[in-house]
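First the structure, in the form of structure tokens, and then the observations on it.
Owing to the predicted nature of the structure, the values given are computational and were not obtained by experimental measurement.
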Amino acid sequence: MIRVLIADDQPLVRRGLALILGPDPEFEVVGEAEDGARAVALAQQLRPDVVVMDIRMPVLDGVKATEELARTLPETRVLALSTFDMDEYVVAALRAGAYGFLPKDISPEELIAAVRIVHTGEAAVAPRLLSRLLSAYVRTPERPRSWAARTPVELTSRELEIWRLMATGRANAEIATELDISVSTVKNHITGIFGKLGVRDRAQAVIAAYESGLVEAGGASG
């Protein structure tokens with residue numbers, strides 16, 4: 001059973017999410033929080049597997065709450081929610097440690113699937129949506145984080161090619177077709193890329209590609 005905490009400042013949204021997840025025997029909704037501070041406190045008390053977290057909340061917003069949970073409860077996965085597809089807060093939440101993102105107009109089936117995905121430790125963000133978000137909002141920082149500061153020189157030519165394709169929105173199957181290799185080979189290379197970059201998942205790898213200059217806004221390679 002996947003234990004889920006729901007955090008949203010709108011009671012109606014919290015109830016709706018609980019009504020979607022609660023009846024499914026795979027999930028147990030262990031609590032609800034009306035702001036980020038309460039979400040952190042409840043998560044530390046209840047130790048849920050997944051926190052479904054609105055990123056715009058009072059007291060402590062979802063980005064800061066996600067950062068705190070990533071630091072103190074790394075075994076708890078955060079699935080960020082936003083009213084808008086294109087939202088700079090989404091990128092901030094992914095950078096802070098969220099395992100995925102969903103707009104609030106998703107279907108119940110999409111919510112259930114995303115909770116399952118982040119529970120396994122995978123990133124639940126559509127590749128093309130992630131690339132659109134990053135091309136709009138990510139800029140090379142003056143003092144990049146350690147994993148963004150790594151240079152492409154540390155990767156093999158094939159790893160560099162796959163990293164660039166990931167960052168421009170290709171799914172694993174598309175990468176395999178373009179490079180004429182198997183999907184399992186793509187996955188193995190991606191695992192190696194994660195290790196060399198020091199990132200946790202696909203979302204952070206793509207953010208690193210933009211922040212390192214490998215890929216620039218609009219999808220051009222750097």
Side-chain angles (χ1 to χ4, degrees), residues 1-36 38-39 42-43 46 48-57 61-63 65-66 69-70 76-137 166-175 183 187 200-207:
M1 183 173 287
I2 301 173
R3 303 174 75 250
V4 181
L5 172 67
I6 297 169
D8 195 289
D9 61 332
Q10 299 180 43
L12 188 61
V13 173
R14 293 199 304 272
R15 283 285 72 210
L17 295 171
L19 287 171
I20 291 171
L21 297 171
D24 191 315
E26 187 177 358
F27 303 104
E28 178 187 5
V29 178
V30 297
E32 298 179 20
E34 67 277 8
D35 59 60
R38 181 66 175 155
L42 279 179
L46 300 171
D49 299 306
V50 176
V51 178
V52 179
M53 179 92 72
D54 183 18
I55 56 178
R56 293 179 181 263
M57 290 188 291
D61 66 37
V63 174
T66 296
L69 290 178
T76 295
R77 323 293 194 192
V78 173
L79 175 61
L81 290 178
S82 174
T83 305
F84 307 103
D85 284 1
M86 298 298 289
D87 187 343
E88 61 186 316
Y89 277 71
V90 173
V91 176
L94 293 170
R95 188 185 282 118
Y99 274 73
F101 154 71
L102 289 176
K104 287 187 178 179
D105 61 356
I106 44 89
S107 68
E109 293 77 16
E110 288 171 318
L111 173 66
I112 288 170
V115 172
R116 287 174 179 152
I117 289 169
V118 299
H119 178 246
T120 68
E122 297 293 326
V125 188
R128 296 192 190 284
L129 174 58
L130 180 60
S131 293
R132 282 176 52 221
L133 278 165
L134 299 186
S135 65
Y137 295 114
M166 269 199 299
T168 53
R170 267 73 154 196
N172 289 354
E174 293 175 309
I175 295 172
V183 173
K187 290 179 179 178
R200 187 200 58 214
D201 57 33
R202 194 184 197 96
Q204 288 193 345
V206 176
I207 291 172

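Note that CG of Leu81 and CD1 of Ile6 are 9.0 Å apart. Values are rounded to the nearest 0.5 Å. To the nearest 0.5 angstrom, His119 atom NE2 is 9.5 Å from Thr76 atom OG1. One distance of note links NZ of Lys187 with CD1 of Ile175; it measures 11.5 Å at 0.5 Å rounding.
Counting all heavy atoms, side chain and backbone alike, Ala33 lies closest to Leu42 at CB-CD1, 4.1 Å. In this structure, Val51 and Ala43 approach most closely via the heavy-atom pair CG2-CB, 4.5 Å. For the pair Val118 and Leu79, the tightest heavy-atom approach, listed with the atom from each and the gap, is CG1-CD1, 4.1 Å. Scanning all heavy atoms of the two residues, the minimum distance from Pro48 to Val30 falls at CB-CG2, 4.1 Å. The shortest non-hydrogen separation linking Ala39 to Met53 is CB-SD, 4.2 Å. When all heavy atoms of Lys104 and Thr83 are compared, the pair lying nearest together is CD-OG1, 4.0 Å.
Residues meeting the side-chain contact (heavy atoms from CB on, under 4.5 Å) test with Ala98, sequence neighbours left out: Thr66, Val78, Ala80, Ala93, Leu94. Applying the side-chain contact (heavy atoms from CB on, under 4.5 Å) rule to Ile112 yields the partners Ile20, Leu21, Asp24, Phe27, Arg116; only residues at least two apart in sequence or on another chain are considered. Residues satisfying the side-chain hydrogen bond (donor to acceptor under 3.5 Å, both in side chains) criterion with Glu28, sequence neighbours excluded, are absent altogether. Glu110 is linked by a salt bridge (charged side-chain N to carboxylate O under 4.0 Å, His left out) to nothing, counting only residues two or more places apart in sequence or in another chain. Applying the salt bridge (charged side-chain N to carboxylate O under 4.0 Å, His left out) criterion to Asp49, with sequence neighbours excluded, gives no partner residue.
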Exercise answer: donor-acceptor pairs, residues 9-17 side-chain atoms, under 3.5 Å, sequence neighbours excluded:
from  : atom 1 : to    : atom 2 : distance (Å)
Arg14 : NH1    : Asp8  : O      : 2.6
Arg15 : NE     : Glu32 : OE2    : 3.3
Arg15 : NH2    : Glu32 : OE2    : 2.5

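Arg77 contributes no side-chain N or O that, together with a main-chain N or O of Gly100, makes up a donor-acceptor pair within less than 3.5 Å.
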